[in-house]
Amino acid sequence: MWNTFNTCKDILKNQYEENNWQDGLSPDTLKNKTDELLERYRDASLAKCKAELISFLLENAPLDIHPQEIFADKIHHCGIIQAFTHERVRLLKDTAAREAAEAAFPFEKQNVFKATMDFGHIAPDWEYVLRKGIPGIITDLEFLQTKALDKKQQEYYETTLTVYYSIKRCILRFAALAEKLNTEKSQFMADNLRQLTLSAPQTLAQAMQLTLLFYSFQMGFDTVIVRSLGGLDRLYNPFYQNDLQSGCFTRAQLEEITCYFLWKTSAIKAAANLPFYICGMDSCGNDATNEYTLLLLEQYRALDLYDPKLHVMYHKKMDARVLSLILTMIREGKNSFVFMNTPVISKALENIGIAKEDAKKVIIYGCYEAAAEGTEVPSTCGGMVNLAKAVELAIHNGFDPLSGTQLSPKTGEHFDTFEDFYAAVITQLTHYTTLCMDTIASYEPHYHTVCPSLIMSPTYRSSRESGIDLYSGGAVYNNTSIVGAGLATLIDSLIAVKKAVFDDKHLTLEELRTHLLSNWESSPSLRLRILSAYPKFGNNHSEADSLTLDIYNRFSSLINGRQNGRGGVFRCGIFSVDWRFWMGKNTGATPDGRKNGEPLSKNLAASLGQDKKGVTSYLNSLLKLDSTKVPDGYVADVALHHSAVRGEEGMHAFHTLLHTFLSLGGFAIHFNILTPQILREAQKEPEKYQNLQIRLCGWNVRFVDLSKAEQDEFIRQSENTL
């Protein structure tokens with residue numbers, strides 16, 4: 001089976017799109033049988049009902065093993081548990097949380113905010129999963145079951161054990177199917193699978209197999225969305241070292257096993273949201289980089305991957321070889337890295353009440369969202385807030401021109417000073433951000449009626465030992481995140497109003513209102529003046545940055561530490577992911593010159609084309625903000641022309657830029673190394689540039705997979721780096 005990866009990798013690339021389901025019931029039969037189960041357990045608790053559903057599906061859903069694979073994980077859940085959970089969400093909004101849902105509806109319809117039930121952006125305690133394995137988790141639950149004090153605890157252990165017994169039987173189903181294939185690869189797979197039903201993983205391949213299975217089971221049946229594979233170099237290095245020392249595998253064979261694993265995670269459709277982290281510090285504050293860190297990076301580089309993305313846990317003592325290799329890969333166009341400032345993140349977590357020892361164990365979910373690993377359920381995208389909408393509502397006295405409704409409180413039509421107008425903006429922002437939090441807090445006490453987590457919960461020590469589900473408050477820290485998007489659009493709009501209306505008096509607020517309602521068609525020359533003449537966020541301009549600091553502090557203070565509905569607190573983040581597109585569609589023309597329906601500004605970046613004084617000025621603007629006030633994260637979004645990082649001198653400048661920003665307190669930073677010419681060529685002849693990578697908000701994509709509008713935006717951004 002060795003030395004075969006390169007001959008089959010192209011076939012394996014599409015393994016999740018080409019299915020050969022077998023060894024299970026048909027989807028129609030599964031659906032009918034689960035309907036019967038639902039009827040049978042109609043009067044049982046939700047946890048009991050869900051446990052029986054998951055158990056039945058794990059033991060009867062069709063499986064698929066690709067004949068060229070060495071790992072198994074494909075099981076056809078048919079969306080049954082997802083539909084079950086979505087129905088519970090609907091019922092909650094129609095009953096117990098109806099009043100809150102109705103109050104939020106007009107704002108959500110216009111994309112002013114989204115108040116969600118965030119059961120995603122989480123991960124099991126991977127260290128516990130790999131240390132104990134499925135048999136060890138079962139043993140722990142069986143022991144704790146004997147000490148259950150009340151009916152609630154008894155049900156917790158009964159339902160979780162029901163699921164874990166079925167997980168074990170499902171793994172045996174995979175093993176039996178692998179044996180039927182009767183190849184060297186399939187026998188290797190079957191042996192690993194059978195071992196996982198007997199003990200914790202013993203080898204690197206078994207650790208990877210358990211990771212893939214656990215991910216698949218939690219995603220498909222727990223419906224609690226995994227958004228990190230954890231610190232893979234730290235988790236896998238002991239297995240790697242043991243395999244080498246025992247002589248079970250050679251380094252070349254372990255490299256090939258790693259290639260199969262990375263290739264498989266890249267092939268998973270959700271891989272854009274499935275990162276892992278590397279590097280960081282150990283519990284004593286020493287660099288945690290190890291030999292397997294380098295092997296992972298080398299194979300990732302050789303495979304020319306853009307998924308899964310990698311979070312680099314940066315600190316001053318970081319291994320120079322590893323850092324140099326990562327920067328070299330970014331310079332080559334592999335933009336799937338984001339550098340996270342470990343000490344700053346730990347301090348930010350401490351600031352919302354997380355104990356220092358827990359705050360040291362940082363994990364990053366999804367794009368840039370930080371949490372305390374193994375102790376915190378952070379709901380990192382619980383609420384998303386359109387910051388720019390505040391200025392539109394203030395200009396129109398709380399009236400939303402796009403929907404034609406009085407959306408929020410009247411804050412006045414005429415203002416004598418900019419300070420009065422600014423107070424109206426703050427009132428609008430405070431009103432709908434508070435409403436967003438109130439809505440979520442109304443949902444959260446009912447989470448146990450929507451989505452008990454029967455697979456993930458037992459991996460958290462606090463949940464396991466207390467017998468309380470993670471979504472019933474079983475974590476040490478049961479927090480909720482609120483994220484602001486479009487900050488630069490808001491700041492640039494405020495500056496435009498201040499200058500044009502109050503300082504220079506080029507027009508009245510009523511006249512500006514008219515221009516905005518015309519989508520700037522009534523005064524294109526004024527729009528051009530605003531776009532070119534007034535200060536903008538991201539240029540180290542004192543006036544713009546002072547305003548940014550005030551908004552940033554007000555928004556984070558409004559959120560951080562406020563009690564949520566799960567016994568925890570709210571926590572702030574500022575980034576946009578792709579929300580800026582759908583938020584922008586429901587935001588009218590803004591005073592900064594942006595037109596109706598256009599996207600809001602990205603992440604904590606300047607508005608497109610407005611960071612005109614270079615990357616140093618942009619980063620200096622960000623460094624005026626206290627990163628420890630955004631525990632849910634922000635990212636510096638940096639585009640560099642390839643000539644800026646070319647050669648030894650360019651590499652030194654690249655490293656200096658990174659180190660300076662993070663050592664001075666930046667939260668996170670990622671890079672796109674761009675050239676307008678190459679991007680234009682890729683747009684015209686995409687077949688020639690299939691592997692051209694672009695860092696898009698919080699994930700990596702191929703440039704050729706972007707829409708033309710998104711491609712044009714990156715081309716304009718690259719032109720701005722010249």
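Contact of the Lys334 side chain with the Asp304 side chain is registered, since non-hydrogen atoms from C-beta on lie closer than 4.5 Å. The shortest distance between side-chain heavy atoms of Ile257 and Met208 falls below 4.5 Å.
Remark: the backbone N or O of Ala72 is paired with a side-chain donor or acceptor of Gln209 at under 3.5 angstrom. Asp243 places no side-chain N or O within donor-acceptor distance of the main-chain N or O of Leu254, the cut-off being under 3.5 Å. A donor-acceptor pair under 3.5 Å links the side-chain atoms of Ser379 to the main chain of Asp118, judged by distance alone. Put simply, the side chain of Ser472 never gets that close to the backbone of Ile468: no donor and acceptor are under 3.5 Å apart. A donor-acceptor pair under 3.5 Å is formed between the side chain of Lys74 and the backbone N or O of Gln15. With hydrogens and angles ignored, the 3.5 Å screen pairs a side-chain donor or acceptor of Asp222 with a backbone N or O of Ile455. Without hydrogens or angle criteria, Trp126 side chain to Ser228 main chain gives a donor-acceptor distance under 3.5 Å. With Thr459 contributing its side chain and Val129 its backbone, the two residues share no donor-acceptor pair below 3.5 Å.
In this structure, Lys309 fails the cation-pi test against Phe337, since its NZ or CZ atom is not both closer than 6.0 Å to the six-membered ring centre and inside 45 degrees of the ring normal. Within the cation-pi definition used here (under 6.0 Å to the ring centroid, within 45° of the axis), Arg464 qualifies as a partner of Tyr128. For the pair Lys185 and Trp2, the cation-pi test (distance below 6.0 Å, angle within 45°) is failed.
Here Cys170 contributes atom SG and Leu58 contributes atom CG; the two are 5.0 Å apart, rounded to the nearest 0.5 Å. Expressed to the nearest 0.5 Å, how far OG1 of Thr197 lies from CG of Leu172 amounts to 4.5 Å. One finds the CG atom of Leu53 at 6.0 Å from the CG atom of Leu37 (value rounded to the nearest 0.5 Å). Rounding to the nearest 0.5 angstrom, the gap separating the CD1 atom in Ile363 from the CD1 atom in Ile345 is 11.5 Å. Distance check, rounded to the nearest 0.5 Å: CG of Leu161 to OG of Ser55 gives 11.5 Å. Between Ile54 atom CD1 and Thr162 atom OG1 the span is 10.0 Å, to the nearest 0.5 Å.
More than 12 heavy atoms of other shown residues, nucleotides or ligands fall within 6.0 angstrom of atom NZ in Lys9. Heavy atoms from other residues, nucleotides or ligands lying under 6.0 Å from CD of Glu184 number 12 at most.
We find that Glu127 and Lys132 are not joined by a salt bridge, their nearest charged nitrogen and carboxylate oxygen being 4.0 Å or further apart. For Asp73 and Lys264, the salt-bridge test passes: some basic side-chain N is under 4.0 Å from an acidic carboxylate O. A salt bridge links Arg301 with Glu332: the distance from a Lys NZ or Arg NE/NH1/NH2 to an Asp or Glu carboxylate oxygen falls below 4.0 Å. Using a cut-off of 4.0 Å between Lys/Arg side-chain N and Asp/Glu carboxylate O, Glu52 and Lys48 are scored as salt-bridged. Salt-bridge check for Asp23 with Arg173: passed, with a basic side-chain N closer than 4.0 Å to an acidic carboxylate O.
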For Ile122 and Ile225, what are the C-alpha separation, side-chain angles and deciding distance, and is it a side chain to side chain contact (heavy atoms under 4.5 Å, CB included)? CA-CA 6 Å; Ile122 193 65; Ile225 309 303; 5.8 Å; no
Let's go through Asp125 and Arg461 carefully: what are the C-alpha distance in whole Å and the side-chain angles of both, what is the deciding distance for salt bridge (charged side-chain N to carboxylate O under 4.0 Å, His left out) to 0.1 Å, and is it a yes or a no? CA-CA 9 Å; Asp125 184 339; Arg461 180 178 179 179; over 6 Å; no
Just do the side chain to side chain contact (heavy atoms under 4.5 Å, CB included) check on Cys259 and Phe5 with the steps written out, would you? CA-CA 8 Å; Cys259 285; Phe5 173 75; 3.8 Å; yes
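Between Phe261 and Tyr236, a ring centre-to-centre spacing shorter than 6.0 Å is recorded. Outside the 6.0 Å centre-distance limit, the rings of Tyr260 and Phe71 are not counted as a close aromatic pair.
Taking the six-membered ring where tryptophan is involved, the planes of His77 and Phe221 are perpendicular, since the angle between them exceeds 60° and thus also 30°. Aromatic ring orientation, Phe174 versus Phe217: tilted (interplanar angle from 30° to 60°).
In this structure Tyr460 satisfies the ring-ring contact (aromatic ring centres under 6.0 Å, His included) test with no other residue, sequence neighbours excluded.
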